[in-house]
Amino acid sequence: MQVIETLAEGLKREIKVVIPAKDMQDKMNERLADVKDKVRINGFRPGKVPAAHLKKVYGKSIMADLVNEIVREQPAAILSSRGEKSATQPEIAMTEDKDEADKILAAEQDFEFTLSYEVLPPIELKSVKGIKVTREVIDISDDEVNEQVLKVAESARAYETKTGKAANGDRITMDYVGKVDGEAFEGGTDQGAELVLGSGRFIPGFEDQLVGVKAGNEKTITVTFPADYPAKNLAGKEATFDVTVKEVAAPADVEINDELASKLGIESADRLKEIVRGQIESQYGSLTRQKLKRQILDQLDEMYKFETPNSLVDAEYNGIWSQVNNDLAQSGKTFEDEDTTEEKAREEYKVLAERRVRLGLVLSEIGEKAGVEVSEDEMQRAIYEQLRQYPGQEKQILEFFRSQPGAAASIRAPIFEEKVIDHLLTEIDVTDKKVTKEELLAEEEGEAKAETKKAAPKKKVAAKAEAADSGEGEEAAPKKKAAPKKKAADESAE
């Protein structure tokens, strides 16, 4: 087998592989000899079929199998022998001429194919001893814990039926039918819907018009959907809702005690406070971690400057661009609304994609040299978390992970990256700094704006893309019934 390099330009490589027809013929003869005693052909005793007849019957299929094995197995072996790692799966090109293909299968012509790929750039790791980061930590006050516990208590507040008029803070149980231009619209009808007046859950004007109603009242409410309402067929349109009030209930007093905790499935009020404190610590810890990670990534970005494989950058860019366009479509906005142009946005997101790929390669090299590994237990826990997010679809998701190697890699990659960050935190200079809640949040907002301005278009669209670069994540809440509710984001907080 001849391996000839035909292109070495930057990270691009092209390799021509030639396997002489005689070698292919020899391999085919070995296969024919192997099947000689196994096949059954009418008119011949087992093991007595002439070689020429075996070749006539099985030659082409055996050669086709040989060709498939070679193009499946040889690329990895060739790259290994050259000491190279391909950034993506090498592209394989073979003749498309039918006559030439027939000659190859008949072992009358050399078998040739071409490998095209980009190599991963060699990365010479630098000392991280000079990296200095500040870890902002916050003391959580009892007042903040009590404030959050009170919100939990209010969400579990009991209501008692009343005979008087509904006031703000009262809960109304109602049936309603929404109409636009006199026609009921999809998602605009509900029965037994509960709404706390003054909660702001429904679109502006809806709740105000229900103040003063009593159980048994029927009322037609007229409202206008916000211009940015997620359902485009309703955005900006006037609608009426025929409402039938089933019940008006007044809120009972909220008491934080063991009885409340019991209703929430918790053994005591003290344990409830412990759980809430832990949740607050986790939220602030996540924010601290994001800021810490961003500091590390920014300094690594300054330390390493090398050519990145276009194939990886293009794949990363396409993912970002798809997300950006989906976000714009869902919000009904344009690039002009985001204070930029499509051309400028493309350029800036390409920069972001290159940064992500370069940092990904650096972190991968650091992790490999440090012996960082993702255990099967960690993978199983991550997959389980995926399953929890999609109840009822567990079998389909598990089948997806089994059948798609890339799916498992998408789960392993962020775990690996976080473990590399953990490793770096043991190697670099980390200084803890006490900050207030306001300082932590305010500084985060400032950093996010600076990062957005540096690497991507402004406002919401860029912020979502940059979030992934710093370890932040947004998970879309599933939408509920449309109708009078404000927005999907509001619904997720119900």
Side-chain angles (χ1 to χ4, degrees), residues 65 68-69 71-73 76 86-89 155-156 186-194 230-232 263-266 275 278-279 282-283 286 289-290 311-312 314-331 356 360 363-364 367 372-422 464-465 467-469 471-483 485 487-494:
D65 288 343
N68 287 331
E69 287 178 15
V71 297
R72 184 173 62 248
E73 298 171 1
S86 176
T88 58
Q89 190 71 18
S155 69
E186 183 179 358
T189 300
D190 202 355
Q191 293 183 333
E194 293 183 346
K232 291 185 178 180
K263 288 181 181 179
L264 297 171
I266 300 170
I275 292 173
Q279 291 174 338
S282 177
Q283 291 168 356
S286 177
R289 169 82 174 194
Q290 290 165 11
S311 54
L312 293 181
D314 289 344
E316 184 67 30
Y317 168 78
N318 289 337
I320 297 172
W321 192 247
S322 175
Q323 177 186 344
V324 167
N325 280 281
N326 286 338
D327 290 340
L328 288 174
Q330 289 179 8
S331 66
R356 289 190 188 176
L363 291 175
S364 178
V372 174
E373 294 182 351
V374 178
S375 69
E376 283 303 314
D377 285 345
E378 289 171 321
M379 285 292 294
Q380 291 298 325
R381 286 196 295 271
I383 292 175
Y384 176 70
E385 286 301 315
Q386 292 282 321
L387 297 179
R388 287 181 57 194
Q389 295 177 31
Y390 302 95
Q393 302 180 47
E394 290 85 355
K395 288 184 178 179
Q396 297 95 311
I397 294 172
L398 285 174
E399 178 58 31
F400 176 72
F401 280 116
R402 279 194 293 263
S403 61
Q404 300 289 335
S410 69
I411 293 289
R412 179 178 280 104
I415 300 174
F416 178 84
E417 181 174 301
E418 290 305 317
K419 294 187 74 170
V420 175
I421 295 296
D422 287 337
K464 289 184 179 180
D469 188 37
E472 302 170 35
E474 281 198 19
E475 190 172 315
K479 296 182 180 178
K480 300 181 182 177
K481 287 182 177 289
K485 296 179 183 179
K487 291 185 182 179
D490 296 327
E491 296 171 28
S492 67
E494 293 173 21

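Small disclaimer: the values here were computed from a predicted structure and weren't measured.
With sequence neighbours excluded, the residues that form a side-chain contact (heavy atoms from CB on, under 4.5 Å) with S311 are A87, T88, E118, P309. With sequence neighbours left out, D314 forms a salt bridge (charged side-chain N to carboxylate O under 4.0 Å, His left out) with K350.
Note: L398 CG to K395 NZ = 10.0 Å, rounded to the nearest 0.5 Å. Expressed to the nearest 0.5 Å, how far CG of L328 lies from CD of Q323 amounts to 10.5 Å. Put simply, CZ on F400 and CD on Q386 are 9.5 Å apart, with the number rounded to the nearest 0.5 Å. The CZ atom of F416 sits 10.5 Å away from the CD1 atom of I421 when rounded to the nearest 0.5 Å. Here CD of E385 is found 10.0 Å from CZ of R381. Values are rounded to the nearest 0.5 Å.
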Which is it for D65 and R72 under the salt bridge (charged side-chain N to carboxylate O under 4.0 Å, His left out) test, yes or no, and what are the steps along the way? CA-CA 10 Å; D65 288 343; R72 184 173 62 248; over 6 Å; no
Could you please spell out the steps behind the side chain to side chain contact (heavy atoms under 4.5 Å, CB included) verdict for E316 and L312? CA-CA 6 Å; E316 184 67 30; L312 293 181; over 6 Å; no
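Nearest heavy atom pair, residue K419 against residue V374, reads NZ-CA, 4.4 Å. When all heavy atoms of E378 and E373 are compared, the pair lying nearest together is OE1-O, 3.9 Å. Here the closest non-hydrogen pair linking I411 and A382 is CG2-CB, 3.4 Å.
Under the 3.5 Å distance criterion, the side-chain polar atoms of E394 are matched with a main-chain donor or acceptor of G392. A donor-acceptor pair is defined here as one N or O able to donate and one able to accept, closer than 3.5 Å; such a pair exists between the side chain of S410 and the backbone of A407.
With contacts defined as side-chain heavy-atom distances shorter than 4.5 Å, the pair N318/S322 does not qualify. The shortest distance between side-chain heavy atoms of I397 and I383 does not fall below 4.5 Å.
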